[in-house]
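For reference, the structure discussed in these notes is given below.
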Amino acid sequence: MSAAAPLPPPEAVVLDDVRRALAEDLGPGDVTAALLPDTDDVAYLLCKQEAVICGRPWFDACHRQLDPQVSIDWRVAEGQRVAAGTVLATLRGRARTLVSAERTSLNFLQTLSGTATVTAAFVAAVRGTGARILDTRKTVPGLRLAQKYAVRCGGGDNHRIGLFDMVMLKENHVRAAGGIAAAMRAARALYPQLPLVVEVESLDELRQALEQPCTRIMLDDFSPEQRREAVRIAAGRVPLEVSGMVDLDTVRAVAQDGVDCISIGALTKHVHAVDLSLKLGPPPHSA
């Protein structure tokens, strides 16, 4: 995974994320760090559990915003899976700024590594089936590009980024248009250049959607029997996506039904932070 780590968001996006987070944490100043001697020191970053590491650009930017001269020596690559007890990086800089940047830098790294780790688990669960794991728009407010990058680091793929880069017709749109065919025709007429995904709630709606050109059809809460019949009816003409009621225990069975994509809101919505710590001093000799 580390050999093909994806490109992170633009530097301006990372810096904007970091400036907001540091301002939130530091306010007018770190009153506790002021108790430390303002001298050079070293620190090490420890991962306490098995994880896929993601978020180095944000971690680095947090420390460099407070100390442009800080030295950060990473021992692992972005997107690399590590074992519990791995020293991820060593740092050298001013003691006060190392401590002041600690929590914010860890918040980014633990959150994005958590997303990458759970994504990697879903990707591993469907390996060999041909199904791709997609994220959704159920992201932490303000961290969408960061979390979607973490999904890519975990081996998953991104669904639409927002409401601007894909037309996605769901129940409300279909109802307002008077039917699936009408909604799809209106979407194609207004946005012919954008991908078009339509959600269907029955096999009859699937048949209607297959009569119109589209990028992908989403099967919403289909039973296993309905999914397999949908795959048979579509016969590869349009990629099929499954959404809803899928977890790590069920995702492989869903993939084996023959669908092309499975979108998982839990990748970014249910954040399980990776256990990390940043400690002053050199790393233990055994690490």
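The residues of the chain are indexed from 1 along the displayed sequence.
A distance-only check finds no donor-acceptor pair linking the side chain of S113 to the backbone of Q110 [under 3.5 Å]. No donor-acceptor pair under 3.5 Å is formed between the side chain of R188 and the backbone N or O of R185. Checking side-chain atoms of R92 against main-chain N and O of D73 turns up no donor-acceptor pair under 3.5 Å. Remark: the backbone N or O of D220 is not paired with any side-chain donor or acceptor of E199 at under 3.5 angstrom. Looking at E78, its side chain does come within 3.5 Å of a backbone N or O of R56 through a donor-acceptor pair. S71 places no side-chain N or O within donor-acceptor distance of the main-chain N or O of L91, the cut-off being under 3.5 Å. Proximity of a side-chain donor or acceptor of R20 to a complementary backbone N or O of G142 within less than 3.5 Å is detected. In this structure, the side chain of D165 engages the main chain of G162 through a donor-acceptor pair within 3.5 Å. Under the 3.5 Å distance criterion, the side-chain polar atoms of R96 are matched with a main-chain donor or acceptor of L36. At distances below 3.5 Å, not a single donor-acceptor pair connects side-chain atoms of Q212 with backbone N or O atoms of M184.
Considering only heavy atoms from C-beta on, L106 comes within 4.5 Å of L45 through its side chain. The shortest distance between side-chain heavy atoms of E201 and D221 does not fall below 4.5 Å. Side-chain contact check for R75 versus P283: some heavy-atom pair is nearer than 4.5 Å.
How far OG1 of T215 is from CG of L194: 9.0 Å, rounded to the nearest 0.5 Å. If you take OG1 on T136 and NZ on K269, they are separated by 7.5 Å, rounding to the nearest 0.5 Å. Atom OG in S263 sits 9.0 Å away from atom CD1 in I133 (nearest 0.5 Å). Note: D25 CG to D30 CG = 7.5 Å, rounded to the nearest 0.5 Å. Note that the SG atom of C214 and the CG atom of L169 stand 9.0 Å from one another [nearest 0.5 Å].
Partners of H63 under the ring-ring contact (aromatic ring centres under 6.0 Å, His included) rule, at least two apart in sequence or in another chain, are F59. By the ring-ring contact (aromatic ring centres under 6.0 Å, His included) test, F122 pairs with no residue at all, sequence neighbours left out.
Contact detail for A61 and L15: the closest heavy-atom pair is CB-CD2, 4.0 Å. The two residues A120 and V52 come nearest to each other via the heavy atoms CB-CG2, 3.9 Å.
With a 6.0 Å radius and a threshold of 12 heavy atoms from other residues, nucleotides or ligands, E11 has its CD atom at or below the threshold. In Q49, the CD atom is crowded: over 12 heavy atoms of neighbouring residues, nucleotides or ligands sit closer than 6.0 Å. In the displayed structure, R237 atom CZ is contacted under 6.0 Å by more than 12 heavy atoms of other residues, nucleotides or ligands. In L7, the CG atom is not crowded: 12 or fewer heavy atoms of neighbouring residues, nucleotides or ligands sit closer than 6.0 Å.
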Could you walk me through whether L276 and L88 pass the side chain to side chain contact (heavy atoms under 4.5 Å, CB included) test, one step at a time?
-> CA-CA 10 Å; L276 305 167; L88 305 178; 3.9 Å; yes
Could you walk me through whether L196 and Y191 pass the side chain to side chain contact (heavy atoms under 4.5 Å, CB included) check?
-> CA-CA 9 Å; L196 172 61; Y191 301 108; over 6 Å; no
Going through the distances and angles, do C54 and T115 end up as a side chain to side chain contact (heavy atoms under 4.5 Å, CB included)?
-> CA-CA 8 Å; C54 177; T115 293; over 6 Å; no
Begin from the C-alpha positions of W58 and L109 and carry the test side chain to side chain contact (heavy atoms under 4.5 Å, CB included) through to its verdict.
-> CA-CA 7 Å; W58 288 264; L109 197 67; over 6 Å; no
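The pair D40-R94 meets the salt-bridge criterion, since a charged nitrogen lies less than 4.0 angstrom from a carboxylate oxygen.
In terms of hydrophobic clustering, with Ile, Leu, Val, Met, Phe, Trp and Tyr side chains grouped at heavy-atom distances under 4.5 Å, L26 and F108 are assigned to a common cluster. The cluster map of Ile, Leu, Val, Met, Phe, Trp and Tyr, joined by side-chain heavy atoms under 4.5 Å apart, puts L22 and L112 in the same cluster. Side-chain heavy atoms closer than 4.5 Å link hydrophobic residues (I, L, V, M, F, W, Y) into clusters, and following such links, even through other members, never connects L143 to V13. Residues V118 and I53 do not share a hydrophobic cluster, clusters being chains of Ile/Leu/Val/Met/Phe/Trp/Tyr side chains in contact below 4.5 Å. Each of V167 and F164 belongs to its own hydrophobic cluster when Ile, Leu, Val, Met, Phe, Trp and Tyr are linked at side-chain heavy-atom distances under 4.5 angstrom.
Judged by distance alone, the side chains of N107 and T104 never bring a donor and an acceptor atom under 3.5 Å apart. Inspection of the R144 and T139 side chains reveals an N or O donor paired with an N or O acceptor under 3.5 Å.
Under a 4.5 Å side-chain heavy-atom criterion applied to ILVMFWY residues, the cluster that includes L134 comprises that residue alone.
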